[in-house]
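Remarks on the structure that follows.
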Amino acid sequence: EKNFEQHSLYELLETCYGYRVNRVVRHIEAASADREEAALLGVERKSAVFHVDFTGYCNDTEPVEYSKTTYRGDRVEFARGSPPVKFCCRKESLMNQAEMYTPDTLARLIDNTLLHAYTTRTALEALCRESRAYNFKMVAVNPSGVSCCREFLADSAVSTGAGIAFPLGQNSLRTKLFETSDALEAGAQEIDYMIHIGRLKMGDTAYLEQEMQGIVDLCRQAGAISKVIFENCYLSREEILLMCDIARSVGPDFVKTSTGFGTGGATVEDVRMMKQSVGSRIKVKAAGGIRTLDDALAMINAGAERLGT
């Protein structure tokens, strides 16, 4: 037995296991408290907080310790010491984060999509073959392609997802519910549905909540993951936050930035805002315009836990 009153954790890691933590990186971000953070910290919602990501490295490059902590803004003091405090710039932060991902672990955050009007069975088979090879998290297809993909992906770790009311979201609620049920019966394991933006522009929050609740309930009954697409390029900041409020009430698995078919895709600012708003119980999917490793890491750093191609 080891006595932590007499020995530090780092001393025991080195003497007992041969791990010497010789480099640490702290990434500090100023933010506003979401509802859950505010309750835990005993402050008002949207009060100033600091998120601190800490990573300890062995042999400079091998991560052996990670923590993420949120502090009240009114109880944090920054002091210049010796050696001076070093704050990570965005580029350094992304480089350090890249060291923590392998191609395999990063691939498990990616949904591989094929949602074109001219998609054929041959194209779906190629999509599934590629997704198997890279071990992506999911393939996202139109509902008619679900059964084919389940066939092509049998005995693999890649899930099959369906886009509902994609990409405009202008279907009636009854049609969206039928389309969701039909996709689930065909074997869909994840549902990405597009909200009715027109209703949002009209301020019809009751309709939007009913729509979200109906689709999320169907997914829960089937044991499927639910994702709500906002299409942020058409929305104001206030409209995005309103949809996040509805999501917190209903509880889908993910809120999602974009279809990839609108006038714009995911932005780091939108992902960060959505994550801060929905809190830890709901995840954020960033989709549209993510083309490079730096793009992907920036979205993950902002709070995304799934990426769309």
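When side chains are defined from C-beta on, Glu125 does not count as touching Cys148, because their heavy atoms never get closer than 4.5 Å. For the pair Lys227/Ile191, no side-chain contact is recorded, criterion being any heavy-atom separation below 4.5 Å from C-beta on. Two residues are said to be in side-chain contact when any heavy atoms from C-beta on lie closer than 4.5 Å; Asp111 and Val139 fail this criterion. You'll find the side chain of Met194 stays beyond 4.5 Å of the side chain of Gln170, heavy atoms only.
A side-chain donor from one of Arg248 and Ser277 sits under 3.5 Å from a side-chain acceptor of the other.
Arg150 places a side-chain N or O within donor-acceptor distance of the main-chain N or O of Gly187, the cut-off being under 3.5 Å. With Gln189 contributing its side chain and Thr160 its backbone, the two residues share a donor-acceptor pair below 3.5 Å. Side chain of His116 to main chain of Thr119: no donor-acceptor pair is present (N/O by atom type, distance under 3.5 Å, no hydrogens or angles). Judged by distance alone, with hydrogens and angles left aside, the side-chain atoms of Thr175 form no donor-acceptor pair with the main-chain N or O of Asn171 at under 3.5 Å. Put simply, the side chain of Lys275 gets close to the backbone of Ile282: a donor and an acceptor are under 3.5 Å apart. Proximity of a side-chain donor or acceptor of Arg281 to a complementary backbone N or O of Gly251 within less than 3.5 Å is not detected. Side-chain atoms of Ser258 come within 3.5 Å of backbone atoms of Ala287 as a donor-acceptor pair (strictly under, hydrogens ignored). With hydrogens and angles disregarded, a donor-acceptor distance shorter than 3.5 Å links the side chain of Asp253 to the backbone of Ser226. The main-chain N or O of Met138 is never found under 3.5 Å from a side-chain atom of Ser159 such that the two would form a donor-acceptor pair. Between the Gln276 side chain and the Met273 main chain, no donor and acceptor come within less than 3.5 Å of each other.
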Query raised in the report: Checking side chain to side chain donor-acceptor pair (under 3.5 Å) for the pair Thr257/Asp270: CA distance, chi angles, key distance, verdict?
Result: CA-CA 7 Å; Thr257 61; Asp270 281 355; over 6 Å; no
Report task. Apply the test ring pair (Phe, Tyr, Trp, His ring centres under 6.0 Å) to residues Phe166 and Tyr193: give CA-CA distance (whole Å), side-chain angles for both, the deciding distance (0.1 Å), then the verdict. Result -> CA-CA 7 Å; Phe166 198 90; Tyr193 91 88; over 10 Å; no
Query raised in the report: Can you list the steps and then say if Asp217 with Gln221 is a side chain to side chain donor-acceptor pair (under 3.5 Å)?
Result: CA-CA 6 Å; Asp217 284 348; Gln221 292 164 15; 5.5 Å; no
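For residues 161-177, the pairs satisfying salt bridge (charged side-chain N to carboxylate O under 4.0 Å, His left out) are Lys176-Glu211, with sequence neighbours left out.
In terms of heavy atoms, Ala286 sits closest to Val271 at CB-CG2, 3.8 Å. Between Leu307 and Ile300, the shortest heavy-atom contact is CD1-CD1, 4.3 Å. Of all heavy-atom pairs spanning Ala247 and Met212, the tightest one is CA-SD, 3.7 Å. Shortest non-hydrogen contact noted between Gly42 and Arg72 is O-NH1, 3.7 Å. When all heavy atoms are compared, the tightest approach of Leu114 to Ala123 is CD2-O, 3.6 Å. The minimum heavy-atom distance linking Ala183 with Ile164 is given by the pair CB-CD1, 4.2 Å.
Between the CD1 atom of Ile246 and the CD atom of Gln210 there is a distance of 12.0 Å, given to the nearest 0.5 Å. The distance from atom CG of Leu173 to atom CD1 of Ile215, rounded to the nearest 0.5 Å, is 7.0 Å. Rounding to the nearest 0.5 Å gives a distance of 11.5 Å between OG of Ser172 and CZ of Phe178. Here the CD1 atom belonging to Ile225 is positioned 9.5 Å from the CG atom belonging to Asp192, to the nearest 0.5 angstrom. Distance OH/Tyr234 to CD1/Ile197: 7.0 Å, rounded to 0.5 Å. Distance check: Thr113 OG1 to Leu127 CG gives 8.0 Å after rounding to the nearest 0.5 Å.
When each of Arg306, Lys256, Lys283 is paired with Glu190, the salt bridge (Lys or Arg N to Asp or Glu O under 4.0 Å) condition holds for Arg306 and for no other.
Applying the 6.0 Å contact sphere to CZ of Arg237 captures no more than 12 heavy atoms from other residues, nucleotides or ligands. With a 6.0 Å radius and a threshold of 12 heavy atoms from other residues, nucleotides or ligands, Tyr71 has its OH atom at or below the threshold.
Remark: Tyr134 pairs with Phe136 by the ring-ring contact (aromatic ring centres under 6.0 Å, His included) rule, at least two apart or across chains.
Chaining together hydrophobic side chains whose heavy atoms lie under 4.5 Å apart places Leu41 alongside Val43, Val49.
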